[in-house]
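Reviewing the structure listed below.
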There are 2 protein chains.
Amino acid sequence: MTAPIAPLTQIMREYADPSACPVRNVLDHLGDKWSVLIITALAHRPYRFGELRREIADISQRMLTQTLRDLQADGLIEREVFPTTPPSVEYRLSPMGKSFVVPLSAMVDWAFEHFPAIKEARAEFAKAA
Amino acid sequence: MTAPIAPLTQIMREYADPSACPVRNVLDHLGDKWSVLIITALAHRPYRFGELRREIADISQRMLTQTLRDLQADGLIEREVFPTTPPSVEYRLSPMGKSFVVPLSAMVDWAFEHFPAIKEARAEFAKAA
DNA sequence: CATGGTGGTTCCCTCGAGGTAACCAGTGGC
DNA sequence: GCCACTGGTTACCTCGAGGGAACCACCATG
C-alpha cells in the first residue's frame, strides 16, 4: 500500500505560499469546528436554517450563519430563499458538495473504525508518561 | 450517489458529548495546522526530526515536537531513538497511520481536483456581494 | 398587546492554538 | 575557546476562532 500522495517536497516547492496550496487551502477551511458536521447533515437531505440549528444542538446561531456562508462561498452548498411568510431558507449540497461527501465519508468511516484503537493508544501513551 | 454516512441525528443522539463522538474527536485532532502535512511526509518514508523540520519549511520547532507527540499518542506514528552521538530520532507511520493514508489521499485528491472550481466559486461569491 | 417563530447581524469577551526566542546536554570541528 | 548540530523544553505573547447575548423586521397566534 504505497502512498498515492504526490511527494510533499514537490508540493511544498510548487506551492511555497501556503494559501496557494490546494491541500492546505481547502482542508484548513474544512477543518474548522462545524463544516464537516453541516455537510454531514446536508448529505442526507436539504435542511432549513432552523432545522440545522436544532439538529446540531451545540452550534451557536452566529457560527451556523458564518459556516454556511463560507461553504456557500466555496460553492459546496446552495442557498434558496422561499418567499413565504416568514421567509424560509433552504440549504442543500451543490454537485461539488455531493462529490465531497465521497472522500469525507471515507474519513468518517475510518474514524469510526479506528476510534477504539486510538483511545487505547492514548491511554497507553498517557500511562507510559 | 446516496450518502453512505450514518444519519447525523443518530450520531448526535448517540454521542451527545462531542468529545465522545468518534468523528469530532478524531477529525478535530487531525484538523489542526500541521498533522496532515506531517502524515503526508511520513507517507513516503520515515523521517528524522531535523529532516521534517527542513521539509515543512514554515513549521516552528515547538509545533513540530508537539504535533509529533500528539500523533504518537494517537498511535498514528512511531518514534525510534538511535543511540548515536548526537542521538538521532526517526519517525515513521504505524500500521494504523498507514491505513489513514488511504482516506487522507482521497481527500487530498479531491482538493487538488476541485481547487480551481472552489477558487472560481469564491471569486463569483465575492463579486456578487 | 404580548409572545413566539422566521433567519439573521452586531458587539463584546474568552481562551487556546500557534509563533518567537532563549536555553539545555553532549560532542565534533576549527 | 567558540561555534554548530543533534532533538528537544520552556516562557512569553499575539491573534483570531468561537461563544453568548442582545437586537432587527415581519407575521401569526392567543
Side-chain angles (χ1 to χ4, degrees), chain A residues 16-19 21 24-38 41-42 46-74 77-92 125 128-129, chain B residues 16-19 21 24-38 41-42 46-74 77-92 125 128-129:
Chain A
D17 176 13
S19 71
C21 169
R24 303 174 77 167
N25 193 308
V26 174
L27 267 48
D28 279 9
H29 234 184
L30 265 31
D32 66 26
K33 196 171 177 182
W34 303 110
S35 292
V36 163
L37 232 38
I38 291 176
L42 295 182
Y47 270 79
R48 290 184 42 198
F49 185 88
E51 279 182 316
L52 277 176
R53 185 155 161 57
R54 271 171 263 121
E55 178 92 356
I56 310 181
D58 56 346
I59 194 173
S60 66
Q61 193 163 357
R62 187 183 162 281
M63 288 313 298
L64 180 55
T65 304
Q66 184 177 311
T67 309
L68 286 170
R69 282 295 126 78
D70 290 347
L71 291 173
Q72 188 192 354
D74 282 5
I77 65 176
E78 291 161 357
R79 185 183 121 109
E80 188 175 0
V81 181
F82 295 98
T84 55
T85 57
S88 64
V89 181
E90 188 176 284
Y91 293 92
R92 73 183 58 123
F125 186 82
Chain B
D17 176 12
S19 71
C21 169
R24 304 174 78 166
N25 192 308
V26 175
L27 267 49
D28 278 9
H29 234 184
L30 265 30
D32 66 25
K33 196 172 176 184
W34 303 111
S35 292
V36 164
L37 232 38
I38 291 176
L42 295 182
Y47 270 80
R48 291 185 39 199
F49 185 87
E51 278 183 316
L52 276 175
R53 185 155 162 56
R54 270 170 264 123
E55 179 91 356
I56 309 182
D58 56 344
I59 195 174
S60 67
Q61 192 163 357
R62 185 181 163 281
M63 288 313 296
L64 179 54
T65 304
Q66 185 177 309
T67 308
L68 285 169
R69 283 295 126 79
D70 291 346
L71 292 173
Q72 188 192 353
D74 282 5
I77 65 175
E78 291 161 356
R79 185 184 121 111
E80 187 175 0
V81 181
F82 296 98
T84 56
T85 56
S88 64
V89 181
E90 189 176 283
Y91 293 92
R92 76 189 56 159
F125 187 82

task: Mind checking side chain to side chain contact (heavy atoms under 4.5 Å, CB included) for B/E78 and listing every partner two or more places apart, or none if nothing turns up?
output: B/R92, B/S94, B/P95

- prompt: Excluding sequence neighbours, so at least two apart, what forms side chain to side chain contact (heavy atoms under 4.5 Å, CB included) with B/T85?
  reply: none

Reported CD1-to-CD1 distance for the pair A/I38 and A/I56, which is rounded to 0.5 angstrom: 5.0 Å

statement: chain B vs DNA chain D, heavy-atom contacts under 4.0 Å, first-to-last nucleotide span, 5' to 3', is D/dT6 to D/dA11

message: Using a 4.0 Å cut-off on heavy atoms, which residues in residues 59-72 of chain A reach DNA chain D? List them by number, or say none.
response: A/S60, A/R62, A/M63

field: A/E90 side, atom CD; A/I77 side, atom CD1 - distance, nearest 0.5 Å
entry: 11.5 Å

message: Rounded to the nearest 0.5 Å, what separates atom OH in A/Y47 from atom CZ in A/R53?
response: 15.5 Å

- prompt: Looking at residues at least two apart in the chain, or sitting in another chain, which of them share a side-chain hydrogen bond (donor to acceptor under 3.5 Å, both in side chains) with B/D32?
  reply: B/S35

statement: Sorted by chain and number, sequence neighbours left out, side chain to side chain contact (heavy atoms under 4.5 Å, CB included) with B/P86 holds for none

message: I need the minimum non-hydrogen distance between B/E51 and B/P46, along with the two atoms involved.
response: OE1-O, 4.4 Å

- line: From CG of A/D28 across to C1' of C/dA17 the rounded distance in Å is 13 Å

message: Could you work out, with side chain to side chain contact (heavy atoms under 4.5 Å, CB included) as the rule, every residue matching B/R79, not counting sequence neighbours?
response: B/R69, B/Q72, B/V81, B/V89, B/Y91

- request: Please name all residues satisfying side-chain hydrogen bond (donor to acceptor under 3.5 Å, both in side chains) with A/N25, sequence neighbours left out, ordered by chain then number.
  value: B/R122

statement: Rounded to whole Å, CZ of A/R79 lies from P of C/dT6 at a distance of 16 Å

- request: Tell me whether the OP1 or OP2 atom of C/dG8 has a side-chain N or O from A/Y91 closer than 4.0 Å.
  value: yes

query: Taking atom P in both D/dT6 and D/dC2, what distance in whole Å separates the two?
result: 23 Å

message: From CZ of A/R53 over to P of C/dG8, roughly how many Å is that when rounded to an integer?
response: 12 Å

Could you go through residues 59-68 of chain B and list every donor-acceptor pair under 3.5 Å that involves a side-chain atom there, pairing it with any protein atom two or more places apart or in another chain?
| from | atom 1 | to | atom 2 | distance (Å) |
| --- | --- | --- | --- | --- |
| B/S60 | OG | B/M63 | N | 3.3 |
| B/T65 | OG1 | B/Q61 | O | 3.0 |
| B/T67 | OG1 | B/M63 | O | 2.7 |

Which atoms of nucleotides 24-26 of chain C (N or O only) lie under 3.5 Å from a protein N or O atom, and what are those distances?
none

